[in-house]
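As structure tokens, the structure follows; a few thoughts come after it.
Just the heavy atoms: all of them, side chains too, but no hydrogens, waters or symmetry mates, feed the values below. All chains are named by letter (A, B, ...) in the order of the sequence lines, taking the proteins before the strands, and each is independently numbered beginning at 1.
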There are 2 protein chains.
Amino acid sequence: MVNKEIIEILVDNDLKVTPQRIAVLEVLLGNTDHPSAENILQYMRINHPNVPIGTVYKILDAFCKKGIVTKVKTDDNAIRFDPVKEPHHHLYCSESDRIEDFYDDELNLLLANYLKKKKIPNFTIESIKLQLTGKFKNNK
Amino acid sequence: MVNKEIIEILVDNDLKVTPQRIAVLEVLLGNTDHPSAENILQYMRINHPNVPIGTVYKILDAFCKKGIVTKVKTDDNAIRFDPVKEPHHHLYCSESDRIEDFYDDELNLLLANYLKKKKIPNFTIESIKLQLTGKFKNNK
DNA sequence: ATAATTGCAAAAGCTTTGCATGGCC
DNA sequence: GGCCATGCAAAGCTTTTGCAATTAT
């Protein structure tokens, strides 16, 4: 039984509903670990073996263009993906490639107000994201 | 005439002083555009043709380990480098790969105070950096 | 029907690695 | 002289691309 919500997202974005796209979206919406394309493929294999990695990249590219997912900025060579949700920030582990979401509405407000008041010359802000690097205590 | 300061940085970090390392450091300290390894090579070619890209990568790796430079987080597949300086943030162009530094001590203080007061569960912060994405008005 | 998506495979980046040579201390 | 860095070339990984076959609308 396929999630109605997932199909709705695809339809709303003028994307044809294919099993491969549903599978990729399921993985993205069901995980908060900011998977790489390869990670997504591994998650998918349970129900969808035989999907080529090239297809996953094409699907992710289509999702990015529609704004369904965004690329997470990292300093290593594998691109990581994040389904777009409410505004949030990222906690980066300094010892591994772990990335967690961090929600804080008070902080969002604080930053938005500060940056509205104190404009940056020659730059129009579209997105404000905090990159907090450090150590997690629970090594999940 | 070689910059004394550059040699000092190498010596202070227990790195042998070689022409290649001097050249890479010169590029990094002389540019604020967060170059990729390939960019660095291009800048170097003026005075140092024939340095292989592999050597540049090895040098950058050594500099990272010593903390002389840091990798800049991006969402494309080329790693970019930044010589470590005072705490600062990054302005990312949403239409190109341009990245500029953004200094704001008042903002640093605001963030540090807020995050000191409002601790994040299971996470110890080592670095606070803003990723501001948007549009530059001057297309340098 | 037809336009878009998938599958496959090749190619194109970017980065890393191994080993012999050469250079710094 | 000993050890480390460089140069060169190959290999590794991630991502992109082209095209024919397939599928959704």
| field | Joint hydrophobic cluster, B:Y103 plus A:L130, side-chain heavy atoms closer than 4.5 Å | value | no

| request: Could you work out which one of D:dA5, C:dG7, C:dT5 sits closest to the side chain of A:V51? | output: C:dG7

| request: Please figure out whether B:R21 or A:R80 has its closest DNA chain D nucleotide nearer the 5' end. | output: B:R21

| query | Can you check the A:D97 CG to D:dT14 P distance for me, whole Å? | reply | 11 Å

| message | Under a 3.5 Å distance rule, please check whether B:K129 uses its side chain to pair with a backbone N or O of B:H88 as donor and acceptor. | response | yes

| Shortest side-chain distance from A:N77, nucleotide among C:dT5, D:dT6, C:dT15 | C:dT15

| query | Which nucleotide in the list D:dT14, C:dT6, D:dC8 gets nearest to the side chain of B:P52? | reply | D:dC8

| field | Any donor-acceptor N/O pair under 3.5 Å between C:dG18 base and B:K58 side chain | value | yes

| task | Looking at every strand, decide which applies to B:I53 at a 4.0 Å heavy-atom threshold: base, sugar-phosphate, or nothing. | result | nothing

| said: Are B:V51 and B:V69 linked, directly or through intermediate hydrophobic residues, by side-chain heavy-atom contacts shorter than 4.5 Å (ILVMFWY only)? | reply: yes

| B:T32 backbone acceptor or donor facing B:H34 side chain under 3.5 Å | yes

| field | Nearest-angstrom distance from the residue atom CD1 of B:I40 to P of C:dC14 | value | 13 Å

| remark: Separation of D:dA5 atom C1' from B:N13 atom CG, nearest Å, is 16 Å

| note | Exactly one of B:K117, B:K118, B:K116 clears side chain to side chain donor-acceptor pair (under 3.5 Å) with B:Y114, and that residue is B:K118

| remark: B:K66 atom NZ is separated from D:dC4 atom P, nearest whole Å, by 11 Å

| query | So which one's nearest nucleotide on DNA chain C is more toward 5', B:A37 or A:P19? | reply | A:P19

| message | Would you say A:S36 places a side-chain N or O within less than 4.0 Å of OP1 or OP2 belonging to D:dT14? | response | no

| request: Indicate, with a heavy-atom threshold strictly under 4.0 Å, whether B:T55 touches base, sugar-phosphate, or nothing. | output: base

| What is the distance from CG of B:N50 to P of D:dA5, rounded to the nearest Å? | 21 Å

| field | Whole angstrom value for the distance that separates P of D:dT14 from CG of B:D76 | value | 16 Å

| With respect to the phosphate group of C:dG7, does any side-chain polar atom (N or O) of A:Q20 fall under 4.0 Å of OP1 or OP2? | yes

| field | Proximal nucleotide (of D:dT15, D:dT25, D:dG2) relative to the B:K16 side chain | value | D:dG2

| field | d(CG, B:D14; P, C:dC24) in whole Å | value | 18 Å

| task | Using atom CZ of A:F63 as one end and atom P of D:dT15 as the other, report the distance to the nearest whole Å. | result | 17 Å

